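Beneath this line is the structure, given in structure tokens, with notes to follow.
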Amino acid sequence: MLRAETPHLISSFFFFVKLQMRLLSWRKAKHLFRIKPNYRICTYSSITTFSAVSQHKITDQNFHITRKKLSKLLHQRPPKSQLKQIHAQILAQALSSTASFVDSLIHCYLHIKEVTSARFLFLHYPLPSPPILIWNLMIRAYCKLQNSSESFNLFRQLLNLDQPIRVLPDEYTFTFIVTSCAHQRSVVHGKIVHGLVVRNGLESNLYVGNSLINMFAVFKITDDAYKVFDRMTERDVFSWTSLICGYANNGEMYQACEIFYKMPVRNDVSWAVIISGFAGNGKYMEVLLYLSEMLCSHEDKVRPNEAVLVCALSACANLGALEQGSWIHAYIKRNEIHESSNISTALIDMYAKCGGIDIARLIFNRIPRPDVHNFTGMISGLSYHGLGVHALTVFNRMLDENVNPNEVTIIGVLNACSHSGLVEEGASIFYNMETFWGLKPQIEHYGCYVDLLGRAGYLERALEVVKSMDIKPDIVIWRALLSACRIHRNIFLGNSIIDFIKQLHSDGPSGSEVLVSNLYASLGNWEKVSQVRKAMGQRKTQSDIGCSWIEVNGVVHEFRVADKLHPQILEVLEKLNELWIVLS
DNA sequence: ATAGGGTTAG
């Protein structure tokens, strides 16, 4: 190790390296750097030092910085380039065996999210075991990565430390590890950790308790979440909100509301949780109801945040509530709320689903650099409106701008092709999605592709695709195939598909009977229709009756299959006939 | 010589 007492020697050495660099090759300079006698630092550190010195031109004048100055600099959480220089200084002054400097370095590396560098320092910690604080910092870093189970490994290592260097986990450790269980959705780990928490008497700790409630909320184990909540001596807005989230995730909206009104203080996240709970459970009217209650609430001084607005817009999209949707849009503009990517995507989706495709395009065109979600929203919106060519144009623009499509984008594009008869375009996208964008076709993509082929009349080709699938076909696929047979009046293929379905599912997937009966009906085979319908009635597998609705001038109009209840049904049917004549 | 680290929605 270099000695700290010999700074002049080090600085002249570094100067020499720099000179070598200028005169000779980088490799030679590096070599020189490594073979310097007394300099016994591992390769990694020497390269770090070397690159710090060569890239950031630490001059001879400021080369030696006092310990005090170094620790002060580290305290300020410096940016990457500066941190590398400080790290170089610490190595050069042989301070890397001083625990407090390593601690600060780990802190700083984690601050700039360089987990590997922090992990390296952690592995070569100067003491037999780092203190619990440093363990906690590392565990938290992996916990934040969400997709890594490395925090479990660290926690296991911590528990396995032998007696003389034993470090005990504290409330911070458990907070992070419980959160990791929630992120990893590992119920098994969660239950074990919960046991450890109880054994360490930390269940009633505010932070540990809150993370436990959150974990059980993610697992949808509302009983356990409530038990933890009930046993806590101190509760805050997180405890209440996480509990509500558990009930909402589990579809228990009644209990969620009860707790919501009981909680002493509600913040914007509490409102977001209850509102997104309604949205997730398909209760769109309640979403709008709670939004208006939130806006009127004088008790809680809260404004709807991005999550609330996105949920409300999605509710409007699902209800076809154009008026309420535009009101929310106006609210966003009036309050100068930042039109984030999520908000603009939600607006595009809402306007597209409520029939305002032109406004959707206007919003899309105003986005300076649209991201995947913006593009996907626009493409799907155009596809519902049968504007397949426009959707493909937007898709091509997306590719030109080097924005990579995701699975949902491809579904939108395939639907667009399907509704516009663009068979070859759709086929080439479907067959290349894995090679071009690394997206493995999912059952939804097969559904779209089969629908595309079927609608265009390539019935045999569609059936071949279904037979070649490595995923088990679902009801959506069969529906696409059967409705294609119906459109193209192909009774022969329809029958063979029905046979095929019967082979795969002994009782037939629920809902497929409706399609079978529709197929027979369209071919005038009423005897078969009544047979199928009778079988359906006997097995009581009658599926929910299809229902659609749209809002016109603030009134919601609802329609069901074979509707006779709507007050203007005669006018509606007349218009429908008119359209049929125009189309055929 | 000592401090330093924390949980919620989409």
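Chain identifiers are assigned alphabetically (A, B, ...) following the order of the sequence lines, protein sequences preceding nucleic acid strands; residue numbering begins at 1 within each chain. These figures come from a predicted structure and were not determined experimentally. Quick note: numbers below take in every heavy atom, side chains included, and nothing from hydrogens, waters or symmetry partners.
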Inset, instruction - Kindly say if A:Asn214 contacts the phosphate of B:dA9, meaning a side-chain N or O under 4.0 Å from OP1 or OP2. - result: yes
Legend entry - Selection from B:dG6, B:dA9, B:dT7 that lies nearest to any side-chain heavy atom of A:Val273: B:dA9
Inset, instruction - Ignoring hydrogens and angles, answer whether the base of B:dG10 and the side-chain atoms of A:Glu306 contain a donor-acceptor pair closer than 3.5 Å. - result: yes
Inset, instruction - Using atom CZ of A:Phe278 as one end and atom P of B:dA9 as the other, report the distance to the nearest whole Å. - result: 18 Å
Legend entry - A:Asn342 backbone acceptor or donor facing A:His373 side chain under 3.5 Å: no
Inset, instruction - Determine the contact category for A:Val269: base if any of its heavy atoms lies under 4.0 Å from a base atom, sugar-phosphate if only primed atoms, P, OP1 or OP2 are that close, otherwise nothing. - result: base
Legend entry - Between A:Asp103 and A:Ser100: side-chain donor-acceptor atoms closer than 3.5 Å: no
Inset, instruction - Would you indicate which nucleotide in B:dG6, B:dA9, B:dT8 comes nearest to any side-chain atom of A:His183? - result: B:dT8
Inset, instruction - Step through the shown structure and confirm whether more than 12 heavy atoms of other residues, nucleotides or ligands are within 6.0 Å of OH on A:Tyr384. - result: yes
Legend entry - Closest to side chain of A:Val208, choosing from B:dG6, B:dT8, B:dG4: B:dG6
Inset, instruction - Using atom types as modelled and distance alone, determine if a side-chain donor or acceptor of A:Ser297 lies under 3.5 Å from a backbone N or O of A:Glu293. - result: no
Inset, instruction - Look at the side chain of A:His75 and decide which nucleotide, out of B:dG4, B:dA3, B:dT7, has an atom nearest to it. - result: B:dA3
Inset, instruction - Have a look at A:Asp268 and say if it touches a base, only the backbone sugar-phosphate, or nothing, with a 4.0 Å heavy-atom cut-off. - result: nothing
Legend entry - Proximity to the side chain of A:Ala272 - top-ranked nucleotide from B:dA9, B:dT8, B:dA3: B:dA9
Legend entry - Side chains of A:Glu203 and A:His194, donor plus acceptor under 3.5 Å: yes
Inset, instruction - Figure out the NE2/P separation between A:His111 and B:dG4, and round it to whole Å. - result: 16 Å
Inset, instruction - Using a heavy-atom cut-off of under 4.0 Å over every strand shown, decide if A:Asp103 touches base, sugar-phosphate, or nothing. - result: base
Inset, instruction - Residues of residues 141-155 of chain A with any non-hydrogen atom less than 4.0 angstrom from an atom of DNA chain B: list those, numerically ordered, please. - result: none
Inset, instruction - Specify the separation, in whole Å, of atom CD1 of A:Ile275 and atom P of B:dA9. - result: 16 Å
Legend entry - Note: A:Lys227-A:Asp224 ion pair, threshold 4.0 Å (strictly below): yes
Inset, instruction - For A:Phe122 and B:dG4, give me the distance from atom CZ to atom P, rounded to whole Å. - result: 20 Å
Inset, instruction - Would you please indicate yes or no on a ring centroid separation below 6.0 angstrom for A:Phe375 and A:Phe364? - result: yes
Legend entry - Sugar-phosphate, base or nothing in reach of A:Thr175, heavy atoms under 4.0 Å: base
Legend entry - Rounded interatomic separation in angstrom, taking CD1 from A:Ile244 and P from B:dT8: 15 Å
Legend entry - Interatomic distance where CG belongs to A:Asn305 and C1' belongs to B:dA9 [whole Å]: 8 Å
Legend entry - Nearest-Å distance for atom pair OH/P, residues A:Tyr290 and B:dA9: 19 Å
Legend entry - Under 3.5 Å side-chain donor-acceptor pair for A:Asn406 and A:Thr409: yes
Legend entry - Whole-Å gap separating C1' (B:dA9) and CG (A:Asn342): 12 Å
Inset, instruction - Check every atom of B:dA9, B:dG6, B:dG4 against the side chain of A:Leu133 and return the nucleotide holding the closest atom. - result: B:dG4
